[in-house]
Amino acid sequence: MIQLEVDGRQLEAESGLTLGQIFHEQYQDAFRLGVAAKLNGRVVDFHTPVHESGRLELIPVDSKEGLAVLRHSTAHLMASAVVKLFPGTKLAIGPAIDEGFYYDFQAERPFQPEDLEKIETSMHEIAEENHQFQRGELGREDALRKFQSEGETFKVELIEGLPDPKLSTYTHSFFTDLCRGPHVPRTKMLKHFKLLSVAGAYWRGDSTRPMLQRIYGTAFPSKDRLKEHLTRLEEAKLRDHRKVGHALDLYSVQEEAGGGLIFWHPHGAAMRRVIEDFWKSEHLRRGYTIVNTPHIAQVELWQRSGHTNFYRENMYFLEIDEKEYVLKPMNCPFHILIYQGKKHSYRELPIRIAELGTVYRYEKSGVLHGLARVRGFTQDDAHVFCTREQVEPELEKVLAFARFMLDTFGFKEYRVELSVRDPKRKEDYMGSDEDWELAEGALERVVQRAGILYQRAEGEAVFYGPKIDIKINDALGRPWQCSTVQFDFNLPRRFEVNYVGSDGQEHQVYMVHRALLGSMERFFATLIEHYGGDFPVWFAPVQVQLITIADAQIPYAEEIRAMLLDRDIRVEADLREEKMGAKIRDAELLKIPYMLVLGRQEVENRTVSLRSRKRGNEGSIPLDRFVENLVAEVEART
């Protein structure tokens, strides 16, 4: 017999019964209260045989764990509908993901949009039949024989890679799948779901393996939550930085040049210049020295830094004059070489070296995504060289600096993660246990003193040290990884980076890596989607559009353009022989903050007819007053 504590009640049951059997006999409300459970902290479903006593917590369906169970079960429901409608389809994997689920299939023909509608209809029919999800167990050899006989080659490969002597399966209706679970009790709980799209996906992410078809979907416990999510997805499509970037002519990816390489067009480059100028001025105010470093270096530098051992698969190698070079994946070793150009006294520390440094990292073509996932990008990088006593004060300054930058660009909500090493995989990281305890402790204390809520992310540290990652929420509530603050005790040791202390002896420097925006490319993608292309005036690509009614106003337009350019205002003039309404419509499509319509009266009175994107038609205003108001607005960065 086993004893279980659930909601303050003590239940006694025979060992080996499933939770569903136990609850059905003694606690029938459980099916209403939860979709699965945690037994001694481990997620299990109502189909799992229980052999241990302990504490049992019911998992509500609208919790994070409950949603994952609901969505994984819906992925199985989708797979059953697919094999029913398309016999001969082979199954790969079908996990729950952050906002839904997917399943990978190898089908005889590509799935079409109308196929998704048929699959969804079939899913509802199977769900309404209210089948129980039944858990089964097979010995490893029996499982191999079963899936080999069914021609499920991907399942066979998965089984061959599993060491477990016994494997679990889940069956509902006619459909059985290899699966660890957990699953909902019955299919009728799966009511509110939507299939979203089809994409290609290589088996196990390997471009040398078969290309499969991945069907994405989402599921929620209520109709209202599903509707709200679908509305948000539609809004996200409108804000997609790839779509908005093309419409506003901000950037492009040219197939002739290669994937993941960004071409900044004039309007995008204008925004980038504003961001970079602001970034530079704020760094200089805070005591940083700004440098520029090469794009390549000999391979020995990267061997010494450890990158060739821990990061090789992400690096590009070149042969020049029979020597091996690397396109730099990071700026760190270059800044170390600059620091080592001369000896430094403890009186000079901390030394802060910053760079908008372009780096290159290999990404598989399947994961490239507009500006957000690229192969060449510019990091707003910096390295702080300091003494041990200066580490935590410097970390505090960097964290405050990052929050200031994000707040200035309109990002008010953060999700902060403290990324630490996985203690079970210490061989994947450089440094001693003492080093890691020192570094992780310093970062954690800094976050706590800042009063920031954070989560520990085990196994997410970089190979040379732990880090603080700041994920910003865009206007749709989606998190984006941008800012990062990293502690490094390895590179200073490998490169023998020292300073002369008050005792006249050399001591090892402590080093902090940090990026406030992350990369210009990803941050720009985040800005586009946060604002939907409707940017604040201070960094809008074009701040003012001049619109002439007739050719007679062209000289006045040219005079205004020169005046605004002299005040560092980004201005363009539409001098085409088009109707005024068409010119205004074109400027609105480009989301330009201010339009100045110029006619005969405006020329005579030295006024402008002002149209604001935010406030509409504001009527006539003296030219000088408009210019002074605009300059003040830009300087305030509102």
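Ion pair Arg145/Asp142 flagged as a salt bridge, since at least one NZ, NE, NH1 or NH2 atom sits closer than 4.0 Å to an Asp/Glu carboxylate oxygen. Salt-bridge formation is detected for the pair Arg373/Glu363: a Lys NZ or Arg NE/NH1/NH2 atom is positioned less than 4.0 Å from an Asp or Glu carboxylate oxygen. Of the charged side-chain nitrogens involved, none lies within less than 4.0 Å of a carboxylate oxygen, so that Lys467 and Glu417 do not count as a salt-bridged pair. Ionic pairing of Arg425 and Asp422 is present here: one or more N-O contacts between side-chain nitrogen and carboxylate oxygen are shorter than 4.0 angstrom. Look at Arg421 and Glu460 and you find no salt bridge, because none of the NZ, NE, NH1 or NH2 atoms lies under 4.0 Å from a carboxylate O. Using a 4.0 Å cut-off between charged nitrogen and carboxylate oxygen, Glu57 and Arg55 count as a salt-bridge pair. Taking the charged nitrogens against the carboxylate oxygens, Lys146 and Glu152 have no contact shorter than 4.0 Å, which rules out a salt bridge.
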Self-check item: Working for salt bridge (charged side-chain N to carboxylate O under 4.0 Å, His left out), residues Glu114 and Lys118
Solution: CA-CA 7 Å; Glu114 56 268 23; Lys118 294 176 186 175; over 6 Å; no

Exercise. Tell me, with the steps shown, if Glu413 and Lys471 meet salt bridge (charged side-chain N to carboxylate O under 4.0 Å, His left out).
Key: CA-CA 9 Å; Glu413 297 182 17; Lys471 297 184 177 180; over 6 Å; no

Exercise. Might you work through the salt bridge (charged side-chain N to carboxylate O under 4.0 Å, His left out) test for Asp469 and Arg415, ending with a clear yes or no?
Key: CA-CA 8 Å; Asp469 288 328; Arg415 192 171 90 193; over 6 Å; no

Practice problem: Give the C-alpha distance, both sets of side-chain angles, the deciding distance and a yes or no for salt bridge (charged side-chain N to carboxylate O under 4.0 Å, His left out) between Glu235 and Arg239. | Solution: CA-CA 6 Å; Glu235 176 70 12; Arg239 290 172 174 262; 2.8 Å; yes

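In this structure, Arg42 and Glu52 approach most closely via the heavy-atom pair NH2-OE2, 3.0 Å. A pairwise comparison of heavy atoms in Ser419 and Ala461 identifies O-CB, 3.6 Å as the closest pair. When all heavy atoms of Ala81 and Ile119 are compared, the pair lying nearest together is CB-O, 3.7 Å. Residues Ala143 and Leu167 approach most closely at CB-CD1, 3.9 Å, considering heavy atoms. The shortest non-hydrogen separation linking Ala525 to Leu371 is CB-CB, 3.7 Å. Looking at every heavy atom in both residues, Asp164 comes nearest to Arg140 through O-CD, 3.3 Å.
Under the ring pair (Phe, Tyr, Trp, His ring centres under 6.0 Å) rule, His183 has a single partner from His76, His172, His131, which is His76.
With ring centers used as reference points, Tyr102 lies under 6.0 Å from Tyr216. Aromatic pair Phe523/Phe409: centroids less than 6.0 angstrom apart. Aromatic ring centroids of His246 and His241 lie 6.0 Å or more apart. Note: Phe193 and His124 meet the aromatic proximity criterion, with ring centroids under 6.0 Å apart.
His530 places a side-chain N or O within 3.5 Å of a backbone atom of Gly410 that can act as its donor or acceptor partner.
Between Glu157 and Trp203, the side chains place a donor N or O and an acceptor N or O closer than 3.5 Å (distance only, hydrogens not considered). For the 3.5 Å distance criterion, the side chains of Glu521 and Tyr251 fail to qualify, holding no donor opposite an acceptor. There is no side-chain donor-acceptor pair under 3.5 Å between Asp104 and Gln213.
Taking the six-membered ring where the residue is Trp, His47 and Phe133 present tilted rings, their angle falling between 30° and 60°.
Relative to the ring axis of Phe101, Arg71 does not place its NZ or CZ within 45° and under 6.0 Å from the centre. Taking the centre and axis of the six-membered ring of Phe46, the NZ or CZ atom of Arg135 falls outside the cone set by 45° and 6.0 Å. Taking the ring centre of Phe317 as origin, the terminal cationic atom of Arg312 falls inside the region bounded by 6.0 Å and 45° from the ring axis.
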